[in-house]
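Keep in mind it's a predicted model, so treat the numbers as computed, not measured.
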Amino acid sequence: MAKTDFKSVNEYIASKPKDVRGILTRLRSTIRKAVPAAEEVISYQIPGYKLNGVPVLYFAGWKQHYSLYPASDSLVAAFKDELARYELSKGTIRFPLSEPVPVNLIERIAKFRAEQLTMREKGKGARKKGREKQLERVRRICATMPSVSEKLSHGAPTFFVEKDKGVFTMFVDNHHEDGHLVVWLPVPAGLQSALIEDAPATYFKPPYFVSSGWIGIELDQIRDEALEIHVREAWELAARKKKKSRQQRS
């Protein structure tokens with residue numbers, strides 16, 4: 001069975017056939033040269049590169065090709081002519097292993113992705129809407145709750161009632177390239193639809209939690225006082241659920 005619990009990019013590359021290892025090593029060094037400030041990680045069991053916690057690029061090696069992700073519509077449009085000879089599918093660019101690594105193209109793609117993220121932070125209203133400012137805001141509010149811990153879960157800063165137990169808030173940036181900075185958190189039964197109906201510009205049904213009583217909140221549409229109420233309520237819901245589960249096991 002193929003290894004799927006990689007702890008590092010070195011491990012990932014070493015797991016591939018010898019001829020593929022050389023190609024992936026060249027690909028890796030090209031991305032690192034293009035975005036030297038990026039953090040190199042294993043995410044979803046493939047190599048990834050992140051700036052301030054936000055994904056810039058991922059790559060993966062396969063039998064006949066290697067892939068780069070995510071290929072957003074704006075990226076594909078910017079490199080339309082150069083990408084015409086490659087297979088594009090569902091946000092993925094596939095490069096054949098039988099051809100030399102297009103170093104110049106991949107370097108420019110990596111820089112393009114990094115520039116997209118940087119411009120989003122420096123654009124009009126960045127003080128209010130920038131990722132780091134909003135993440136600081138969410139962290140500050142979550143930190144007022146007892147025994148809170150934080151870690152990345154599915155690429156998103158996620159806050160727990162205690163270490164790795166009882167998720168009560170997720171900070172979500174640019175989910176599926178939608179350009180939004182939001183939080184997802186649980187709300188009391190019946191409140192999801194009422195909030196959305198009352199303020200649809202602020203609240204929405206988050207994906208994966210549509211019927212489970214969670215709410216999405218646009219961070220640039222809500223004041224600190226209201227956000228803190230939601231976060232505290234979410235912490236209490238998660239803490240009660242965790243306590244009840246513990247009692248049932250005892």
Side chain to side chain contact (heavy atoms under 4.5 Å, CB included) between Asp173 and Gln134: does it pass, once the steps are laid out?
CA-CA 10 Å; Asp173 173 24; Gln134 292 288 14; over 6 Å; no
Full working for side chain to side chain contact (heavy atoms under 4.5 Å, CB included) between Thr158 and Thr169
CA-CA 6 Å; Thr158 301; Thr169 299; over 6 Å; no
Do Phe95 and Val20 belong together in a cluster built from hydrophobic side chains that touch within less than 4.5 Å?
yes
Side chains of Leu135 and Leu181, heavy atoms from C-beta outward: is any pair under 4.5 Å?
no
Minimum heavy-atom distance between Thr144 and Ile141, given as atom pair plus value
OG1-O, 2.6 Å
Begin with the C-alpha distance, continue with both residues' side-chain angles, and end with the deciding distance and a verdict on side chain to side chain contact (heavy atoms under 4.5 Å, CB included) for Ile42 and Val9.
CA-CA 6 Å; Ile42 288 290; Val9 176; 4.2 Å; yes
Mind listing the closest non-hydrogen atom pair of Trp184 and Gly216 along with its distance?
CD1-CA, 4.0 Å
Return the minimal non-hydrogen interatomic distance between Ala71 and Thr92, and the atom names on each side.
CB-N, 4.0 Å
Please round to the nearest 0.5 Å and tell me the distance separating atom CZ of Phe112 and atom OG of Ser74.
4.5 Å
Does the side chain of Tyr86 reach to within under 4.5 Å of the side chain of Pro96, using non-hydrogen atoms?
yes
So do Phe171 and Val182 actually touch side chain to side chain, heavy atoms under 4.5 Å?
no
Among all residues two or more places apart in sequence or in another chain, which pass the salt bridge (Lys or Arg N to Asp or Glu O under 4.0 Å) test with Arg85?
Glu99
Inter-residue atom distance Ile23.CD1 - Phe59.CZ, 0.5 Å rounding
12.0 Å
All pairs passing salt bridge (charged side-chain N to carboxylate O under 4.0 Å, His left out) where residues 17-31 contributes a residue, at least two apart
Arg28-Glu40
Heavy-atom side-chain proximity of Tyr203 to Glu218 below 4.5 angstrom:
no
Only counting residues at least two apart or in another chain, list the ones meeting ring pair (Phe, Tyr, Trp, His ring centres under 6.0 Å) with Tyr49.
none
Check step by step if side chain to side chain contact (heavy atoms under 4.5 Å, CB included) holds for Glu150 and Cys142.
CA-CA 9 Å; Glu150 174 191 348; Cys142 287; over 6 Å; no
Among the clusters formed by ILVMFWY side chains lying less than 4.5 Å apart, do Met170 and Leu237 turn up in the same one?
no
Given the rule that I, L, V, M, F, W and Y join up when any side-chain heavy atoms are under 4.5 Å apart, are Leu97 and Val103 in one cluster?
yes
Identify whether the distance between the nearest side-chain nitrogen and carboxylate oxygen of Glu236 and Arg232 falls below 4.0 Å.
no
Mark yes or no for whether Glu107, through its side chain, and Ile31, through its backbone, hold a donor-acceptor pair below 3.5 Å.
no
Closest approach of Val56 and Ala110, non-hydrogen atoms and distance?
CG1-O, 3.9 Å
On a heavy-atom basis, the closest approach of His65 and Ser67 is CD2-OG, 3.2 Å
Euclidean distance, Leu51 CG relative to Glu39 CD, rounded to 0.5 Å
9.5 Å
Keeping Lys111 on the side-chain end and Val35 on the backbone end, is there a donor-acceptor pair under 3.5 Å?
no
CG-NE2 distance between Leu185 and His230, expressed to the nearest 0.5 angstrom:
7.5 Å
Against Ile93, only a single residue in Ile106, Leu105, Val76, Leu75 fulfils side chain to side chain contact (heavy atoms under 4.5 Å, CB included); can you say which?
Leu75
Tightest non-hydrogen contact, residues Ile46 and Ala60, listed as CG2-CB, 3.9 Å
Linked, directly or transitively: Ile13 and Val41 (ILVMFWY side chains, under 4.5 Å)
no
Rounded to the nearest 0.5 Å, how far apart are CZ of Arg137 and CG of Leu227?
5.0 Å
Value for CZ (Phe168) from CH2 (Trp235), rounded to nearest 0.5 Å, stands at 8.5 Å
When you group the ILVMFWY residues by side-chain heavy-atom contacts below 4.5 Å and let the links chain together, are Leu152 and Leu57 in the same group?
no
